[in-house]
Asks: 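Pasting a structure here, questions to come.
Chain A is the first sequence line, chain B the second, and so forth, proteins listed ahead of strands; every chain is numbered from 1. Predicted model, so just to flag it, every value in this text is computed and none were measured.
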Number of protein chains: 2
Amino acid sequence: MYRIGELAKACHINNDTLRFYEKNGLLCPSSRTESGYRLYTEGDREILQFILRAKDVGFTLAEIKELLSIEINKADKACADVKILVDIKLNAVEKKLAELSRFHTSLKRLSDACCGSSISAEHCTILEALESDTDDVRHERHHKQGGK
Amino acid sequence: MYRIGELAKACHINNDTLRFYEKNGLLCPSSRTESGYRLYTEGDREILQFILRAKDVGFTLAEIKELLSIEINKADKACADVKILVDIKLNAVEKKLAELSRFHTSLKRLSDACCGSSISAEHCTILEALESDTDDVRHERHHKQGGK
DNA sequence: ATAAACCTTGGAGGTAGGTCACAGGTCAAG
DNA sequence: CTTGACCTGTGACCTACCTCCAAGGTTTAT
């Protein structure tokens, strides 16, 4: 069992952030002491780490809340509805993955082009590096933007 | 050449967002008309799309600005410094990629477990789905969090 | 038994990233 | 030559996501 300060320290965040997440329904401590102190379990920590990772890759807290609330009830007819939500998120993840892969390729190219490589700095900016990547993915670029 | 409204519409963002990006040094129009109207080129649009994609995968505007300002001057001694920055970003991208891959695996598992699959819903929540993934990556989890 | 270091709630304040409103200038169409 | 859809700048406002403060209760170390 962690007290709020312990969990916060373990995950490098602020105590207040934990209270904030609780207030917003993302992570409630599994229990409290008699005097009212929050007590978090290992499982709570797992959830917190999930939240932090999800945030880091661009999901909003609202989206993360949705992800966390996914519960496929095996006997439930609403299972199909849940699958739809999951597939929507799956799609978002796949889009992010594709975009990150391009970033990765470009940055790698940029890194390799720099400093004594035989490739010699032909690509001088991230944009030029992306540019040379363009042909492979141009057909990939007619998607809606401004998500969130 | 795009006027502000045209570019904004093309990229599904607000005119004011473009002015905001300009004010914050992310994207300045290549020129102006005599009367002061902003004029954006195809190249400006490329930059904008880069900004929007980067934002979508979790980079802050400040980080994006850094990425955009990368210029490896072939004859420049500071090239090494730039490489360091690029490699830092490369690292961040790789971390995000790894995390997204986990999300993807979990969501896929969740999706497959749902609705008439032979797998039968053993994994009922995103967390359980992540859980079963845990052994493969547990040693991967001692990193700093709370970036930004 | 008292200080230091925790914790509580409630509410104000702060930063990032926009978004809107206003007062007015520009421009193409009728 | 005016109407309507654009554009300008400046500045107030908004949401998401925290972060800090105040006033006080609890625990632990000395």
Asks: Examine distances only and state if a side-chain atom of A:Glu6 and a backbone atom of A:Arg3 form a donor-acceptor pair shorter than 3.5 Å.
Replies: yes
Asks: For B:Asn15, which contact category applies under a 4.0 Å heavy-atom criterion: base, sugar-phosphate, or nothing?
Replies: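 Sugar-phosphate, backbone atoms only, no base.
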Asks: Taking all atoms of both residues into account, what is the closest heavy-atom pair of B:Gly58 and B:Glu63, and its distance?
Replies: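 For B:Gly58 versus B:Glu63, the nearest heavy atoms are O-OE1, 4.1 Å.
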Asks: C:dC6, OP1 or OP2 - any side-chain N/O from A:Arg38 closer than 4.0 Å?
Replies: no
Asks: Between C1' on C:dT19 and CG on B:Leu18, what's the gap in Å once rounded to a whole number?
Replies: 13 Å
Asks: Can you check whether A:Lys55 has a side-chain N or O nearer than 4.0 Å to OP1 or OP2 of D:dA16?
Replies: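 Checking D:dA16 against A:Lys55, no side-chain N or O comes under 4.0 Å of OP1 or OP2.
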Asks: Measure OH/A:Tyr40 against C1'/C:dC6 and give the value in whole Å, please.
Replies: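 In whole Å, C:dC6 C1' lies 14 Å from A:Tyr40 OH.
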Asks: Hey, which of A:Leu85, A:Val86, A:Leu67 is the one that makes side chain to side chain contact (heavy atoms under 4.5 Å, CB included) with B:Leu110?
Replies: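 Among A:Leu85, A:Val86, A:Leu67, the one that satisfies the side chain to side chain contact (heavy atoms under 4.5 Å, CB included) with B:Leu110 is A:Val86.
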Asks: Would you mind telling me which of D:dC17, D:dC7, C:dG18 lies closest to the side-chain atoms of A:Leu61?
Replies: D:dC17
Asks: Over how many whole Å does the gap from B:Glu22 atom CD to D:dT10 atom P extend?
Replies: 11 Å
Asks: Give the rounded distance in Å between these two atoms: NZ of B:Lys23 and C1' of D:dT10.
Replies: 9 Å
Asks: Tell me the interatomic distance from B:Asn24, atom CG, to C:dG17, atom P, rounded to whole angstroms.
Replies: 8 Å
Asks: Nearest to the side chain of B:Arg32 - C:dC7, D:dG9, C:dT19?
Replies: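 Minimum distance to the B:Arg32 side chain belongs to D:dG9.
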Asks: Considering only distance and modelled atom types, tabulate donor-acceptor pairs under 3.5 Å from the side chains of residues 13-20 of chain A, sequence neighbours left out.
Replies:
{"from": "A:Asn14", "atom 1": "OD1", "to": "A:Asp16", "atom 2": "N", "distance (Å)": "2.7"}
{"from": "A:Asp16", "atom 1": "OD1", "to": "A:Arg19", "atom 2": "NH1", "distance (Å)": "2.9"}

Asks: Rounded to whole Å, how long is the line connecting atom OH of B:Tyr21 with atom P of C:dA16?
Replies: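 Computing the B:Tyr21:OH to C:dA16:P distance gives 14 Å.
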Asks: Each nucleotide in nucleotides 20-30 of chain D should get exactly one letter: B, S or -. Can you fill that in based on protein heavy atoms under 4.0 Å?
Replies: B----BBS---
Asks: Round to the nearest Å and state the distance from B:Lys65 atom NZ to C:dG18 atom P.
Replies: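 Distance, rounded to whole Å: 14 Å.
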Asks: How close or far is atom P of D:dC7 from atom CG of B:Leu7, stated in whole angstroms?
Replies: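 In whole Å, D:dC7 P and B:Leu7 CG are 11 Å from each other.
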Asks: Is the charged tip of B:Lys65 near the ring of B:Phe59: under 6.0 Å from the six-membered ring centre and within 45° of its axis?
Replies: no
Asks: Find which nucleotide of DNA chain D each of B:Glu6 and A:Phe20 is nearest to by heavy atoms, and output the residue with the more 5' nucleotide.
Replies: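 The residue mapped nearer the 5' terminus is B:Glu6.
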Asks: For residues B:Tyr40 and B:Leu52: do they belong to one hydrophobic cluster (side chain heavy atoms under 4.5 Å, members Ile, Leu, Val, Met, Phe, Trp, Tyr)?
Replies: yes
Asks: Using a strict 4.0 Å threshold on nitrogen-to-oxygen distance, state whether A:Glu99 and A:Arg102 make a salt bridge.
Replies: no
